[in-house]
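In what follows, a structure is listed as structure tokens, so that the remarks can point back to it.
Counting starts at 1 for both ligands and their atoms, following the listed order. What you see is a predicted model; the values in this text were computed from it and never measured.
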Amino acid sequence: MNQTAISIKRLKKSFNEKEVLKGVDFEVQRGEIFALLGSNGAGKTTVVNILSTLMKADDGEALICGIDVDRQPDGVRQSISLTGQFAALDGMLTGRENLMMIAKLRGVHNPAQVADRLLARFSLTEAANKRADQYSGGMKRRLDIAMSLIGTPEVIFLDEPTTGLDPEARIEVWNTVKELANGGTTILLTTQYLEEAEQLADRIAILHGGVIIKTGTLQELKEMFPKAIVEYVEKQPSLEDIFLNIIGKKESV
Ligand SMILES: Nc1ncnc2c1ncn2[C@@H]1O[C@H](COP(=O)(O)OP(=O)(O)OP(=O)(O)O)[C@@H](O)[C@H]1O
Ligand SMILES: [Mg+2]
């Protein structure tokens, strides 16, 4: 079996004369969590849109599980799912109804069972019958990710899964992503947060100036910097440490 889940070569894309992707290359292996890191406007969503067949590249090649996204988009759609940068829920529907709707659209034969299992897995059983527009940001994100799991896709794209979430909700999403990868799903996530890439990713690629300027494990990226100088300083807790301690999510600061 082909062990490469995502392969992109010399991918290019321009919008109105502006070249956003100038030849992007990377590979993601099956079961890997791969983080695409880049600042606002770097082109992360553009890469995800091309890989998930929502947009066509101008040039280059992109394969998902060996299938060409340009030539066989329908084939690609069967093995992927996308959780976009902005939640794709219907706020008028309850959590359960949102899940049921997607399950029916994807032709799953036991939609109610699938919905209940996902609600339980994402700790949403209690809120199952509440309208999604009454959910907190973290709950919406979890429901959004749950929806993208219907039909058990092989490759999942998560475009900035935790932007706008508080630290507690962010950790919940991180745990979900780790669980998915442990189950063998390949995950490509985009983020602007170094810490998120550090927490989750097996490998990290930095997208800057339209190209991948560096790919590697966290350790490999750290080795690019000069060796740390050992200094003895009093360690101050970060605001995040303090916050997590206060809400009881961390033992000590
Ligand atoms: N459909 C479009 N039409 C015109 N320009 C676009 C379009 N989509 C993206 N762009 C431009 O391409 C560039 C990259 O956008 P993209 O959304 O891929 O960045 P990003 O890395 O996802 O940023 P962010 O972190 O803000 O989500 C930006 O300059 C954006 O304005
Ligand atoms: Mg984006």
Side-chain angles (χ1 to χ4, degrees), residues 5-28 32-64 68-70 73 76-77 80-89 137-138 140-145 147-149 153 155-167 169-171 173-174 176-177 180 186-216 218 221 240:
I6 304 170
S7 159
I8 71 178
K9 287 187 187 135
R10 304 174 306 278
L11 209 64
K12 291 188 179 174
K13 181 76 186 174
S14 298
F15 296 108
N16 322 315
E17 311 284 299
K18 187 175 165 232
E19 199 174 22
V20 173
L21 305 180
K22 300 180 179 172
V24 172
D25 298 85
F26 63 78
E27 276 195 353
V28 181
E32 217 177 14
I33 303 183
F34 189 86
L36 193 57
L37 200 65
S39 43
N40 278 135
K44 303 179 297 295
T45 299
T46 304
V47 170
V48 168
N49 284 346
I50 292 169
L51 289 174
S52 53
T53 76
L54 294 177
M55 194 183 266
K56 281 200 184 283
D58 298 333
D59 202 1
E61 182 190 72
L63 306 177
I64 306 285
D68 192 303
V69 295
D70 189 35
V76 167
R77 281 181 209 124
I80 62 162
S81 86
L82 165 67
T83 299
Q85 191 165 354
F86 306 101
L89 312 166
K140 281 184 186 152
R141 262 291 151 189
R142 286 193 334 256
L143 179 60
D144 207 23
I145 295 174
M147 283 161 64
S148 78
L149 296 187
V155 178
I156 295 189
F157 299 107
L158 298 171
D159 195 3
E160 301 204 18
T162 65
T163 298
L165 296 187
D166 65 33
R170 178 166 299 160
I171 288 170
V173 171
W174 285 351
T176 307
V177 173
L180 286 175
T186 306
I187 295 166
L188 187 150
L189 66 96
T190 75
T191 185
Q192 297 183 40
Y193 304 121
L194 269 166
E195 201 208 339
E196 182 153 287
E198 207 169 333
Q199 282 285 332
L200 290 178
D202 297 311
R203 283 190 313 128
I204 299 164
I206 300 170
L207 178 61
H208 187 76
V211 293
I212 300 291
I213 54 167
K214 187 74 199 164
T215 313
L218 180 64
L221 295 184
E240 185 164 322

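Using a cut-off of 4.0 Å between Lys/Arg side-chain N and Asp/Glu carboxylate O, Asp70 and Lys56 are scored as salt-bridged.
For the pair Leu158 and Leu188, the minimum side-chain heavy-atom distance is 4.5 Å or more. Thr46 is listed as a side-chain neighbour of Phe15, based on a closest heavy-atom distance under 4.5 Å.
Residue contacts with ligand 1: Gly41 is placed with a nitrogen or oxygen under 3.5 Å of a nitrogen or oxygen of the ligand (distance criterion only). Considering backbone and side-chain atoms together, Glu160 places an N or O closer than 3.5 Å to an N or O of ligand 1.
When the heavy atoms of Glu19, Lys13, Lys44 are ranked by distance to atom 25 (O) of ligand 1, first place goes to Lys44.
Inside a 4.0 Å radius of atom 30 (C) of ligand 1 there is not any protein heavy atom. Distance check for atom 5 (N) of ligand 1: a protein heavy atom is found below 4.0 Å.
There is a side-chain donor-acceptor pair under 3.5 Å between Asp159 and Thr190. No donor-acceptor contact under 3.5 angstrom links the side chains of Thr163 and Gln192, judged on distance only.
Of all atoms in ligand 1, numbered sequentially from 1 with element shown, those under 4.0 Å from a heavy atom of Lys18 are 29 (O). Annotation for ligand 1: atoms under 4.0 Å from non-hydrogen atoms of Gln192 are 25 (O). Atoms of ligand 1 lying under 4.0 Å from at least one heavy atom of Val20, given by number and element, are 12 (O), 13 (C), 14 (C).
Within the 3.5 Å criterion, the main-chain N or O of Met55 finds no donor-acceptor partner in the side chain of Asn49. Between the side chain of Asp59 and the backbone N or O of Lys12 there is no donor-acceptor pair closer than 3.5 Å. Put simply, the side chain of Thr186 never gets that close to the backbone of Val155: no donor and acceptor are under 3.5 Å apart. Within the 3.5 Å criterion, the main-chain N or O of Asp58 finds no donor-acceptor partner in the side chain of Lys13.
Annotation: atom 26 (O) of ligand 1 to nearest protein heavy atom, Asn40 ND2, 2.8 Å. Shortest contact from atom 16 (P) of ligand 1 to any protein heavy atom: Thr46 OG1, 3.7 Å. Summary of contacts: the protein heavy atom closest to atom 1 (N) of ligand 1 is Phe15 CE2, 3.8 Å. Closest to atom 27 (O) of ligand 1, if we only count protein heavy atoms, is Gln85 NE2, 2.9 Å.
Within the 4.0 Å heavy-atom cutoff, Gly43 counts among the residues contacting ligand 1.
Coordination check, Thr45 versus the Mg ion (ligand 2): passed, since an N/O/S atom of the residue sits under 2.8 Å.
At a heavy-atom distance under 4.0 Å, atoms from both the backbone and the side chain of Thr45 approach ligand 1.
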Distance-only check: which donor-acceptor pairs under 3.5 Å involve side-chain atoms of residues 200-215, not counting sequence neighbours?
{"residue": "Asp202", "atom": "OD2", "partner": "Ile33", "partner atom": "N", "Å": "2.8"}
{"residue": "Arg203", "atom": "NE", "partner": "Glu32", "partner atom": "OE2", "Å": "2.7"}
{"residue": "Arg203", "atom": "NH2", "partner": "Glu27", "partner atom": "O", "Å": "2.5"}
{"residue": "Arg203", "atom": "NH2", "partner": "Glu32", "partner atom": "OE1", "Å": "3.2"}

